[in-house]
Amino acid sequence: MIPPASGSAGRAFLAILMLALVPAGCRKIIKTKVRVDKAPVHRQVLHSTLPDLVQLVNSSYASVESLVAKMSLELQGDMPDENYYERYRKTPAQIIAQSPDSIRINVQNPLTRTTIVAMAASQARFQIWAPTKNKFVTGSTDLERNDENPIYNVRPEHVLPAILIEPLPVGPSAGVLLIEETDARSKYYVIHELENGNLRLKRRLWIERSRLELVRQDYYDTDGGVASLIRYTAPVAAGQAVVNTGIVLERPRDRYTLRLRLDPKSLKTGRQLEERHFDLPIPPGADLIEMR
């Protein structure tokens, strides 16, 4: 058995061993360099700090307090237990929204432009009117219900935080953290917002680093599960603010996905909307359903 080498003798032995591994007459060393091409966005990342990113979100995205626009809407209902999903055809719609809790969406027939369904939420109540079924549904926005048919799980209050970005808290006790993440396409700053007063994760905001743009939001429920996955594309300037006109809202537990495309030409922000704009009157003779 060869005793282990140590000190200068050990280093000499290692040098001899390395030379022995190199074929005679070969000038190349036994190690080689392998170049790895980085995605362009990985090479073009911008650098920022947490305070600056909070300021970016609050001044550019969360500064929109009201919004009016025409849009297209596409609904997909997932049936995972039966291994299929149902995708409903893209339809025109109109949306109005106002911070902190008011939204109304009118979905129209593509041919007649008559209302297929109207949805509104304000002051912790939601209302849904389906004229073709003569049904008027209302209930608390805190209601948690998982219907067998995912189309009945759609709520206007689910859409509101995807449209109007909530501002991030500021100050010493703000409860926001910053980490970096990378995928095959981009690098991101990911802001973690904790629920005020405890360590529960409320949401994560993804800032793409080659342009410092908000491209994603994830909301979490009180159990730590994912409530909403929101993806953003096609940002447009609205004065000093930024509005993402391409929005994909996924609600995993409610088993539906909404794809929204706001029309930039019709987009209006900063209007003072009245409470009556978010109130759906109950039509005479409608079948009223109070969800509890």
Side-chain angles (χ1 to χ4, degrees), residues 39 41-42 44-67 95 97-101 103 157-254 257-262 267 269:
V41 292
H42 286 188
Q44 299 167 2
V45 294
L46 301 175
H47 299 276
S48 189
T49 64
L50 178 57
D52 288 341
L53 292 170
V54 170
Q55 174 65 19
L56 170 70
V57 171
N58 288 351
S59 62
S60 295
Y61 296 94
S63 63
V64 178
E65 296 185 351
S66 68
L67 179 147
I95 184 170
Q98 182 163 273
S99 180
D101 64 355
I103 187 170
E157 64 270 19
H158 296 168
V159 182
L160 183 61
I163 296 290
L164 297 182
I165 309 299
E166 291 185 85
L168 286 163
V170 295
S173 59
V176 289
L177 307 171
L178 182 65
I179 67 169
E180 297 179 17
E181 292 205 12
T182 303
D183 62 19
R185 296 175 298 177
S186 297
K187 290 187 175 183
Y188 307 91
Y189 284 125
V190 186
I191 302 173
H192 292 60
E193 180 186 356
L194 305 180
E195 191 69 46
N196 187 29
N198 58 50
L199 297 179
R200 184 182 74 81
L201 180 61
K202 176 183 177 181
R203 63 170 169 161
R204 298 196 297 171
L205 299 91
W206 297 65
I207 310 294
E208 201 280 324
R209 290 185 59 188
S210 70
R211 301 180 305 275
L212 291 183
E213 291 179 352
L214 177 65
V215 296
R216 172 177 165 183
Q217 275 197 110
D218 301 338
Y219 272 88
Y220 297 84
D221 58 28
T222 55
D223 297 327
V226 176
S228 294
L229 298 172
I230 310 164
R231 306 294 187 271
Y232 295 111
T233 56
V236 298
Q240 299 299 315
V242 177
V243 175
N244 284 303
T245 58
I247 302 169
V248 178
L249 167 63
E250 182 182 353
R251 297 280 299 185
R253 291 192 177 182
D254 296 312
T257 301
L258 279 177
R259 293 176 174 86
L260 312 176
R261 176 68 68 171
L262 305 185
L267 180 64
T269 62

**Message:** Does Y189 form a side-chain contact (heavy atoms from CB on, under 4.5 Å) with L50? I'd like the steps, not just the answer.
**Reply:** CA-CA 9 Å; Y189 284 125; L50 178 57; over 6 Å; no

**Item:** Step-by-step side chain to side chain donor-acceptor pair (under 3.5 Å) determination, E180 to T182
**Value:** CA-CA 7 Å; E180 297 179 17; T182 303; over 6 Å; no

**Request:** Start with the C-alpha distance between R261 and T233, add both sets of side-chain angles, then the distance that settles side-chain contact (heavy atoms from CB on, under 4.5 Å), and finish with yes or no.
**Result:** CA-CA 9 Å; R261 176 68 68 171; T233 56; 4.1 Å; yes

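Y219 pairs in a side-chain hydrogen bond (donor to acceptor under 3.5 Å, both in side chains) with only one of the listed residues (E166, K202, H158, R251), which is E166. When the options V170, L194, L168 are evaluated for a side chain to side chain contact (heavy atoms under 4.5 Å, CB included) with V176, the one that passes is L168.
Legend: residues meeting ring pair (Phe, Tyr, Trp, His ring centres under 6.0 Å) with Y188, ordered by chain and number and at least two apart, are W206. Partners of E213 by salt bridge (Lys or Arg N to Asp or Glu O under 4.0 Å), not counting sequence neighbours, listed by chain and number: R211. Partners of R231 under the side-chain hydrogen bond (donor to acceptor under 3.5 Å, both in side chains) rule, at least two apart in sequence or in another chain, do not exist in this structure. Here R204 pairs with E181, D218 under the salt bridge (Lys or Arg N to Asp or Glu O under 4.0 Å) rule; sequence neighbours left out. Legend: residues meeting salt bridge (Lys or Arg N to Asp or Glu O under 4.0 Å) with D52, ordered by chain and number and at least two apart, are absent. For R259, there are no salt bridge (Lys or Arg N to Asp or Glu O under 4.0 Å) partners, not counting sequence neighbours.
Side-chain polar atoms of Y61 and Q217 form no donor-acceptor pair below 3.5 angstrom.
To the nearest 0.5 angstrom, I207 atom CD1 is 5.0 Å from I191 atom CD1. Distance check, rounded to the nearest 0.5 Å: CG of L67 to CG of L164 gives 6.0 Å. Put simply, CG on L56 and OG on S48 are 7.5 Å apart, with the number rounded to the nearest 0.5 Å. Separation of atoms OG (S66) and CD1 (I103) is listed at 12.5 Å; rounding is to 0.5 Å. Distance CG/L160 to CD/Q98: 10.5 Å, rounded to 0.5 Å. Put simply, OG on S210 and NZ on K187 are 11.5 Å apart, with the number rounded to the nearest 0.5 Å.
Put simply, the side chain of I165 does not reach to within 4.5 Å of the side chain of V64, judged on heavy atoms. Contact of the R209 side chain with the Q44 side chain is not registered, since no non-hydrogen atoms from C-beta on lie closer than 4.5 Å. Using a 4.5 Å heavy-atom threshold, the side chains of L260 and I95 count as separate. With contacts defined as side-chain heavy-atom distances shorter than 4.5 Å, the pair N244/P235 qualifies.
Taking every heavy atom of both residues into account, A97 and I163 meet most closely at CB-CG2, 4.4 Å. Listed here is the closest heavy atom pair of G246 and A234: N-CB, 4.1 Å. Closest approach of A241 to S63, counting heavy atoms only: CB-OG, 3.4 Å. The two residues P167 and N58 come nearest to each other via the heavy atoms CA-OD1, 3.3 Å.
D221 places a side-chain N or O within 3.5 Å of a backbone atom of D223 that can act as its donor or acceptor partner. Distance alone, capped at 3.5 Å, places no donor-acceptor pair between the E250 side chain and the P252 backbone.
Salt bridge present: E193 and R203 bring a charged side-chain N and a carboxylate O closer than 4.0 Å.
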